[in-house]
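First comes the structure, then the notes that go with it.
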Number of protein chains: 2
Amino acid sequence: MPYQILIFEDNSRLRQSLEMLLNDEANFYVAASFPDCDNADKQVEKYNADIVVMDIDMPGIGGIAGVKKIKNTNPDVKVIMHTMFDDDNRIFDSICSGADGYMLKNTSPLQLINALQEVMTGGVPMSPFVAQKVFQHFRQSKIEAEQFDLTAREKEILELLVKGNSYKMIANKCGITIDTVKKHLQNIYHKLHVNCGTEAVAKALRHKIVNPE
Amino acid sequence: MPYQILIFEDNSRLRQSLEMLLNDEANFYVAASFPDCDNADKQVEKYNADIVVMDIDMPGIGGIAGVKKIKNTNPDVKVIMHTMFDDDNRIFDSICSGADGYMLKNTSPLQLINALQEVMTGGVPMSPFVAQKVFQHFRQSKIEAEQFDLTAREKEILELLVKGNSYKMIANKCGITIDTVKKHLQNIYHKLHVNCGTEAVAKALRHKIVNPE
DNA sequence: AAATCAATTACACATTTGGGTAATAGATGT
DNA sequence: ACATCTATTACCCAAATGTGTAATTGATTT
């Protein structure tokens, strides 16, 4: 039995050509397609869908909210985003909302078919550009981090603070007095432009000045 | 001119078969291969490499440190990790260190060849399982977050704390007294199993209990 | 040789934070 | 109707945090 596919895409021309493209494959069957995803969760239920092809920019609730709805009720349905948007926010919001793939609309028909095949074998298809963005997200750290110009000692102390150590514990672990710790942290706060430890921790983690875990 | 490839792999049988495999391709040429990557940066320089295939578990400095060295001196060289390890730490450390791809050793020869072709066209080849892990890294948030069982009010207050607000500022913004803020935070600290604000902030960000940014 | 920077210590002072205990009122659930 | 949960306030007290100023040492730079 072919995989049941739903398409959510507001451009009717594109929607129809997607339908034709996918229906040409022996193991795909487009059960239905819609110009908006306001009832996406119910449609998925009704048609017992295996795969959803989801546009982002649509009238109504939008594709990212759509994924969320679908994944809440049917976590096993595979959802592949299919959009022309390649900005960080849309990409990461989609992933966080539970998308199983992210293909840009400049993808060739063959590659899109491959993406759908791939997602059914447990893969996570994404356009090369998207993969780039995702990898970059992990890096970019040091470039920014070095902007703050922390000394080795300061980084060490900040790292201990982020790990939840009190001033006293930091003093012990570094073999220095608590006053020195205070002084270092004071300098650190100035360099990070923050006023207290909690802010410093937030900034350190967000800007990846210290290693996460 | 074929792409110049370097291989770092301590298993000599595998190293040799990789050499043969890649040399069979018209546009690849294995310039050299080594059982460790202690001088990886210099070798890359010397052989003017385009692509590096890098094992992780090797005697000496190890593949992840190896990537770092190479990327520091030659950021344009493409480095593909090639390893049997599929744990989160090795994957994310590799990415953070600058790897341009991550292929598991159960990859078929054909897929490995494709991965190398892909990386030269700006792609980021990775085994499906690795892509899964990477995507999961963005999600996992809510699943874990809900474990802590914070009430709506507690989430709100934790979020304000993470943003760098003092107890007093939180009290103002929420229109409640500072004592109430204290009480809420006390409850939050218990639920998160932490003892102070900095730890709570670290945990909130790491477990994505609050929105980043 | 002089200047700068990193790391260090010290002290004083005000403010903030965190723990414990107790009590009230409204909402929710059984 | 009773029990539980959530949000709220209050008070006391100890400990931690943050700021300012000042001084010393060693290393690095100019």
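Every heavy atom of this structure was used, including side-chain atoms; hydrogens, water molecules and symmetry mates were not. Everything numeric in this text was worked out from a predicted model, so none of it was measured. Each chain gets a letter, A, B and so on, in the order its sequence line appears, and its residues count up from 1.
Within a 6.0 Å sphere centred on CE of M84(A), heavy atoms belonging to other residues, nucleotides or ligands number 12 at most.
At a threshold of 4.0 angstrom between heavy atoms, the contacts of K183(B) include nucleobase atoms, whether or not backbone atoms are also involved. As judged by a 4.0 angstrom heavy-atom cut-off over every strand, T151(B) is placed among residues touching the sugar-phosphate backbone only. Among the atoms of the strands shown, only primed sugar atoms or phosphate atoms (P, OP1, OP2) are found under 4.0 Å from some heavy atom of K168(A). Nucleic acid contact for T180(A): base, since at least one base atom lies under 4.0 Å from a heavy atom of the residue.
Between F92(A) and H137(A), the ring planes lie tilted relative to each other; the angle falls in the 30° to 60° range.
Closest to the side chain of T177(A), out of dA7(C), dT9(D), dT9(C), is dT9(C). Of the candidates dA16(D), dT8(D), dC11(C), dC11(C) carries the atom nearest the D179(A) side chain, counting heavy atoms from C-beta on. Nearest to the side-chain atoms of Q186(A) among the listed nucleotides dA12(C), dT21(D), dT8(C) stands dT21(D).
Rounded to a whole Å, the CG atom of N195(A) is 7 Å from the P atom of dT19(D). dT9(D) atom C1' lies 13 Å from atom CZ of R153(B), rounded to whole Å. Across the protein-nucleic acid pair, E154(B) atom CD and dT6(D) atom C1' stand 8 Å apart, rounded to whole Å. In this structure, CD of E199(A) is placed 11 Å from P of dT17(C), rounded to the nearest angstrom. Atom CD1 in I170(B) sits roughly 15 Å away from atom P in dA7(D) (whole-Å rounding). K191(A) places its NZ atom 11 Å from the C1' atom of dA7(C), with the value rounded to the nearest Å. Between the OH atom of Y189(B) and the C1' atom of dA15(D) there is a distance of 14 Å, rounded to whole Å. If you take CD1 of I176(B) and C1' of dT24(C), they are 16 Å apart, rounded to a whole angstrom.
Each of K182(B) and C174(B) was matched to the nucleotide of DNA chain D holding its nearest heavy atom; the match closer to the 5' end belongs to C174(B). Map H190(A) and N187(B) each onto its nearest nucleotide of DNA chain D; the residue landing nearer the 5' end is N187(B).
Aromatic ring centres of F148(B) and H193(B) lie farther apart than the 6.0 Å criterion allows.
Between D38(B) and K69(B), no side-chain nitrogen of the basic residue sits less than 4.0 Å from a carboxylate oxygen of the acidic one, so the salt-bridge criterion is not met.
Closest non-hydrogen pair, G164(B) versus E199(A), comes out as CA-CG, 3.1 Å.
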